[in-house]
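Heads up, the thing below is written out as structure tokens.
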Protein chains: 2
Amino acid sequence: MLTIGKLGAQAGVKVPTIRYYEQIGLLPEAERSAGKQRLYNRKALERLAFIRHARDLGFTLEAIRDLLSLSDKPDQSCAAADAIAKAQLREVESRILRLTALKAELERMVLQCAGGCIADCRVIEVLGDHSLCATDHHHHGHGEARQGQDAP
Amino acid sequence: MLTIGKLGAQAGVKVPTIRYYEQIGLLPEAERSAGKQRLYNRKALERLAFIRHARDLGFTLEAIRDLLSLSDKPDQSCAAADAIAKAQLREVESRILRLTALKAELERMVLQCAGGCIADCRVIEVLGDHSLCATDHHHHGHGEARQGQDAP
DNA sequence: CCTTGAAGCTATAGTTGCTAGAGACATTAA
DNA sequence: TTAATGTCTCTAGCAACTATAGCTTCAAGG
């Protein structure tokens, strides 16, 4: 049996995040010790590692909730899981496209900045006037994969 | 003089977002009509367009705050503006790298899914076991450029 | 057996960048 | 004049956590 700290260390998830996952029902309520501390078994560790890994791949908690409930029914078709993964793939691809356009625009801005004074700065100028842009960086996706978390 | 609705339409920013920008001090307090409605002039429109454009390029509101205060001092060196833009460029580049790794992993998952039942599903399996991964998708950036907003 | 320090507990509030709703007032077109 | 918009303030909500405060529990050393 693992305490919440050990579990977090093994899965690479911070302790408050584990409690948060329990709170929103992504993890079941943990067993408790005599002194009301949470205790976890191997299955809980696997579930948490699954969540962590899916988060790393950019799945939302909602998508993960769906994937988890699918993985609890091993006899059904995996079409739904496949669809979720494909949607995620499309999402990632469209973000890459958009970011690539942004990158081009930023490079142009930075290259053209001669290092003079603000009045002549291309960065400020380009930001102030969209018509100076080469590319169409105008449509957007929905938030990146993770916030900055990293194993403690 | 523009009402807030016209201003938003011209700049491509929703009305509540404009009020929000004013609230957090990114836009100055607007003049008011006799009936206390906000009124804007050309300068306000330019400032808002600047913000909108910078948001489109993925700058945070904090970075934009800095850029705006720089652009108010046209005689100073543009080194600071240049640094902000370069930091943003590095940020975007690192997000692209990370997303590209994710994309490869997702493609592998999806390709290997034979479409059988959950018990054999590669998607579920790979998510459950990081050692099945080809790539190191383990370090992350800090949030994508925009939430889903788009001109009203 | 007792103490100390780390780890755990709950509960609440903060983060970013907005968006949505309620209920009241202003403006404009028919 | 009346109806339909538009605008006002205020509050609360979204994702996905993170941070803080003030407590209790646990494991190890003396």
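Just so we're on the same page: letters track the sequence lines, and every chain starts at 1. Predicted model only: the values in this text are computed from it and were never measured.
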Next on the checklist: Any side-chain N or O of A:Thr3 below 4.0 angstrom from OP1/OP2 of D:dC26?
Outcome noted: no
From CD1 of B:Ile64 across to C1' of C:dT16 the rounded distance in Å is 12 Å
Atom CZ of A:Arg19 and atom P of C:dG8 are separated, to the nearest Å, by 8 Å
To the nearest angstrom, the CD-P distance between B:Glu29 and D:dC8 comes to 13 Å
A:Ile18 CD1 to D:dC17 C1', in whole Å, measures 13 Å
Nucleotide by nucleotide, nucleotides 23-30 of chain C touches protein heavy atoms under 4.0 Å in the pattern (B base, S sugar-phosphate only, - none) ---SS---
DNA chain C nearest-nucleotide lookup for B:Thr60 and A:Ile4: closer to the 5′ end is A:Ile4
Check: Would A:Leu45 end up clustered with A:Leu67 when hydrophobic side chains under 4.5 Å apart are linked, directly or stepwise?
Finding: yes
C:dT10 phosphate, OP1 or OP2: any side-chain N/O from A:Arg38 under 4.0 angstrom?
yes
A:Leu26 atom CG is separated from D:dA15 atom P, nearest whole Å, by 12 Å
Are A:Glu107 and A:Lys103 close enough for a salt bridge, meaning some N to O gap below 4.0 Å? yes
Here the gap from A:Met109 atom CE to A:Leu102 atom CG, rounded to the nearest 0.5 Å, amounts to 10.5 Å
Between B:Ala85 and A:Val110 the two heavy atoms that sit nearest each other are CB-CG2, 3.8 Å
A:Lys6 NZ to D:dT25 C1', in whole Å, measures 15 Å
To the nearest angstrom, the CD-P distance between A:Gln23 and D:dT18 comes to 14 Å
With the side chain defined as heavy atoms from C-beta on, B:Tyr20 is closest, among D:dC8, D:dC17, C:dT19, to C:dT19
Of C:dT10, D:dC8, C:dT19, the nucleotide closest to the side chain of B:Pro16 is C:dT19
Picking from D:dA16, C:dC9, C:dC18, the nucleotide nearest the side-chain atoms of B:Thr17 would be C:dC18
Salt-bridged, A:Arg90 to A:Glu93, with N to O below 4.0 Å? no
inquiry  = Under 4.0 Å between a side-chain nitrogen and a carboxylate oxygen: does that hold for B:Glu62 and B:Arg65?
reply    = yes
query: Do B:Ile24 and B:Leu68 share a hydrophobic cluster, counting only Ile, Leu, Val, Met, Phe, Trp and Tyr and linking them when any side-chain heavy atoms are less than 4.5 Å apart?
result: yes
In whole angstroms, the gap separating P of C:dA7 from NZ of A:Lys14 amounts to 16 Å
